[in-house]
Amino acid sequence: MSQEWNIVVCVKQVPDADDVSIDPDTGTLNRSDAEAVLNQPDYNAVESALQLREAVGGTVTAVTMGPPFATAVLQEAVALGADDGVLLTDRAFGGSDTWPTSLALAAIAEELDADVVICGEESTDSSTGQVPPGIAAHNDWSQLTYVEELEPNPEEDELIAVRDIEGGHEKVAASLPVVVAVGFGLNEPRIAGLHRKIYAENEFEPQEYSASDLGIEESVGLAASPTSVGGMATADPVERKREMVEDVETLFEELESTGAI
Amino acid sequence: MPGEVDTEDYADVWVFIEQHDGEAAKVSWELLAKGRELADEKGERLVALVMGDSVTHLAEEAIERGADEVLVAEDPIFEPYLPGPYGEQFRYLVEERHPDVVLIGGSHTGRDFAGRVAVPTYAGLTADCTELDIEPDTGLLLAKRPTFGGDAMATIKCVEHRPQMATVRPGVFDAAQPDPDREGTITEVEVVVDESHQRSRMIERVVGDITDITDANVVVAGGYGTEGDFGPVEDLAAALGGEVAATREAVEEGWIEAARQVGQTGKTVKPDLYIACGISGAIQHLEGMNDSKTIVAINDDPNAPIFDDADYGIVGDLFEICPALTELIEQKRGETA
Ligand SMILES: Cc1cc2nc3c(=O)[nH]c(=O)nc-3n(C[C@H](O)[C@H](O)[C@H](O)COP(=O)(O)OP(=O)(O)OC[C@H]3O[C@@H](n4cnc5c(N)ncnc54)[C@H](O)[C@@H]3O)c2cc1C
Ligand SMILES: Cc1cc2nc3c(=O)[nH]c(=O)nc-3n(C[C@H](O)[C@H](O)[C@H](O)COP(=O)(O)OP(=O)(O)OC[C@H]3O[C@@H](n4cnc5c(N)ncnc54)[C@H](O)[C@@H]3O)c2cc1C
């Protein structure tokens, strides 16, 4: 028989894209003055989680791994309707690449006895899209990525998804527990209600977990990360002519004379 | 440190040949071309990996296109693709054979399964690369990828773990051409998975025409400014013998199929001519078309950022400009014919 589902939604805090700048002299990224916001694709994840809860019953718990001020994205998720929020915060997590990041999220999903973990398609800062399949792999759960439609099938303890693939789509049923990465833009995220917002900002306190609470302190952070960022450069700007033309005839002549057409 | 290995035990460059129903995804041949270069530079072998139901023809083709050896895992369980069986079989092969570098196409299928494989093998996995090099002194893979929506290029290394894995964006490298005289070995490997690895089941798989916009010499792209009417964009593309493309906005509205999306979460194109119609020029879009030779922007807003990244800009209504340009092109064609 079907039961109510424990739904975990992973939300990441990212620098506001419009505020990130690159120091042209050093080639380093200046994100310090960028305001931290909820990763845009994760709004779709939260919305999907809330819709699932409406369909099958259960709870939605928002989870983020980040510095203490990442609480702000949990507040946002709670304001939107999540029942609770969990902050994974610990110096030990610092410098984690996708391997330990997905380990930490997998560990908390296990701890919360999740039936479904919902993530965004990718983050807007490092955008690997590797965390959701990583969570599934760590826990040996099923996975559904690039999801365009999601439909619960509680009778069979499974989740049915339409996945976007090259030139078409797949309809796949995955057994619980399952990790889902929803396609960016698959739904219209709701607006937070005023009461909920007030609650989230004034009363809500996240549950906090450190790496040792989860028993993974040896397996996270920079040292446990197989990849490292070896350098960062501004993307080579392509020189463009930036010629504004007055009319279609001139455009046509320009293109013809340069051999573009 | 956890997962650290003796890197000396790892050799060869592997390329995963993504296939569905016996048909290879083009990105696989692109990776064979790049993989060949990397293997030669490292003085190692290029090994292709094919999983599927009847796939021997692809193994032969992989040799013609540059592989020294092809590992074939043939079993009905590998058709259609599901992450469970693919991930498990791949894990087994990596642990058994110790590849140094593994390249996987950055399609939705490739990225679905690469993320899964990297965890049990404790591999370093770099996502969605657009450049791959070998570091001269160390022989390490330098995997370069756009980040922060394309504002920066990050170089990712994997120093102490193996394999060094990367997913690579489709359309970035030119496909390897077949040479029927090339020789190589085909090795049937043991299939180690069964139904217990599935955890999910395919209900249906619908694939229409797999449009490939990455090969076109001319791309005419429409954005939100088309308001759903791609007619003028299609006509202009037809007149130029090019392909139609779009922004994510247009794809999300359902105006055009996702296979034609250009940008960070779509395709990379680098045609001789790219015409952007009713497209504002968001960084995530620019990332997919910035290597085009000539860029033309048609937009009714003189302040649209796309004009900064165009060779020629024209301010005006695309519903007037596109048809007028189409007509001029057809006229010229009439004269020269
Ligand atoms: C420039 C740069 C490039 C990088 N490239 C790589 C690389 O190629 N390979 C690699 O292994 N690491 C890389 N990293 C490290 C990587 O950014 C971090 O591991 C990051 O914490 C998670 O990766 P992501 O943002 O790409 O997640 P994605 O996989 O893109 O995120 C998908 C979803 O997972 C969830 N999620 C991700 N992170 C969190 C979190 N902290 N808390 C809650 N939910 C989360 C969200 O739902 C999100 O929408 C890079 C870092 C930088 C700065
Ligand atoms: C994680 C992430 C990934 C993304 N990936 C991609 C991606 O891969 N590809 C992509 O394209 N986007 C991507 N985006 C979205 C991107 O940020 C922009 O929202 C999108 O590119 C805008 O599309 P657009 O230019 O069609 O629409 P808009 O920004 O709405 O621009 C429409 C333009 O049309 C002009 N216009 C309107 N009417 C007319 C007319 N009659 N004639 C001429 N001009 C007219 C307007 O002046 C305007 O400039 C991504 C975003 C995120 C956060």
Side-chain angles (χ1 to χ4, degrees), chain A residues 17 20 22 29 98-99 102 124-130 132-134 136-138 142-143 145-146 160 163-175 184-185 218-219 223-224 226-235 238 240-245 248-249 251-252 254-255 258 260-261, chain B residues 1-3 25 83 107-109 111-112 115-116 119-120 122-127 146-159 161 199-211 240 252 258-259 265 272-273 290 294-295 308-314 321 324-325 328-329:
Chain A
V20 177
I22 302 200
L29 208 64
T98 57
W99 198 99
S102 47
T124 52
D125 54 356
S126 32
S127 56
T128 65
Q130 288 171 189
H138 278 294
S142 55
Q143 72 187 46
T145 59
Y146 303 101
I160 299 172
R163 299 186 61 229
D164 180 53
I165 51 163
E166 297 292 279
H169 67 264
E170 290 175 352
K171 193 168 184 180
V172 186
S175 317
F184 175 43
E218 298 296 325
S219 313
T227 70
S228 53
V229 181
M232 190 89 100
T234 15
V238 187
R240 294 290 169 194
K241 290 196 188 118
R242 296 190 184 176
E243 228 173 279
M244 297 305 288
V245 294
V248 180
E249 285 73 22
L251 175 62
F252 178 74
E254 283 288 348
L255 291 176
T258 57
I261 56 177
Chain B
M1 251 167 271
S107 61
H108 284 185
T109 300
R111 292 179 73 177
D112 184 63
R116 183 133 197 145
V119 162
Y122 218 137
L125 174 59
T126 307
T147 42
F148 293 89
D151 274 336
M153 278 295 273
T155 301
I156 311 290
K157 286 200 236 185
C158 168
V159 181
H161 292 248
R199 285 159 208 284
S200 54
R201 62 189 160 88
M202 187 70 68
I203 296 170
E204 64 170 10
R205 191 167 195 283
V206 182
V207 178
D209 259 354
I210 301 186
T211 338
L240 289 164
E252 262 165 33
T265 43
D272 293 334
L273 177 62
N290 240 337
T294 301
I295 295 177
D308 289 341
D309 291 276
D311 294 293
Y312 302 104
I314 180 163
I321 292 166
L325 188 57
L328 286 173
I329 291 160

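To find a chain, count down the sequence lines: A is the first, B the second, and so on, and within it residues start at 1. Everything quoted here is computed from the prediction, not taken from an experiment. These numbers come from the heavy atoms of this one structure, side chains and all, not from hydrogens, waters or symmetry mates.
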d(B:R205 CZ, A:H169 NE2) to nearest 0.5 Å is 10.5 Å
Note, A:V172 side chain near B:I203 side chain (heavy atom, < 4.5 Å):
no
Indicate yes or no for a side-chain donor-acceptor contact from A:W99 to the backbone of B:V119 under 3.5 Å, with no hydrogens or angles considered.
yes
With only heavy atoms counted, which part of B:E204 is less than 4.5 Å from chain A, the side chain, the backbone, both or neither?
both
Rounded distance [0.5 Å steps], CG in B:D308 versus CZ in A:R242:
4.5 Å
Of all heavy-atom pairs linking B:R111 and A:S127, the shortest is NH2-O, 3.6 Å
Proximity breakdown for B:A25 and chain A, heavy-atom pairs closer than 4.5 Å:
neither
Could you tell me the separation between the OG1 atom of A:T128 and the CD1 atom of B:I156, rounded to the nearest 0.5 Å?
9.5 Å
Return the minimal non-hydrogen interatomic distance between A:A224 and B:Y122, and the atom names on each side.
O-OH, 2.7 Å
Hey, could you give me the OG/NE2 distance between A:S228 and B:H161, rounded to the nearest 0.5 Å?
10.0 Å
So which of A:V229, A:I165, A:V248 has the largest heavy-atom pair count under 4.5 angstrom toward chain B?
A:V248
Write down the atom of B:A310, the atom of A:R240, and the distance for their closest heavy-atom approach.
O-CB, 3.5 Å
Where do A:Q130 and B:T126 come nearest, in terms of heavy atoms and distance?
OE1-C, 3.7 Å
Pairwise distance OG1(B:T109) to CD(A:E166) - rounded to 0.5 angstrom:
7.5 Å
Choice from B:D272, B:I295, B:L240 maximising heavy atom contacts with chain A below 4.5 Å
B:I295
Minimal heavy-atom distance between A:A260 and B:L273, with the atoms involved, is O-CD2, 3.9 Å
In terms of heavy-atom pairs under 4.5 Å with chain B, which of A:S126, A:A173, A:A136 leads?
A:A173
Inter-residue atom distance A:Q143.CD - B:R116.CZ, 0.5 Å rounding:
4.5 Å
Contact class of A:L251 relative to chain B, heavy atoms under 4.5 angstrom:
side chain
Please identify, among B:L328, B:T147, B:T265, the residue contributing the most non-hydrogen atom pairs under 4.5 Å to chain A.
B:L328
Which heavy atom in B:G124 sits nearest to a heavy atom in A:T227, and how many Å separate them?
CA-CG2, 3.6 Å
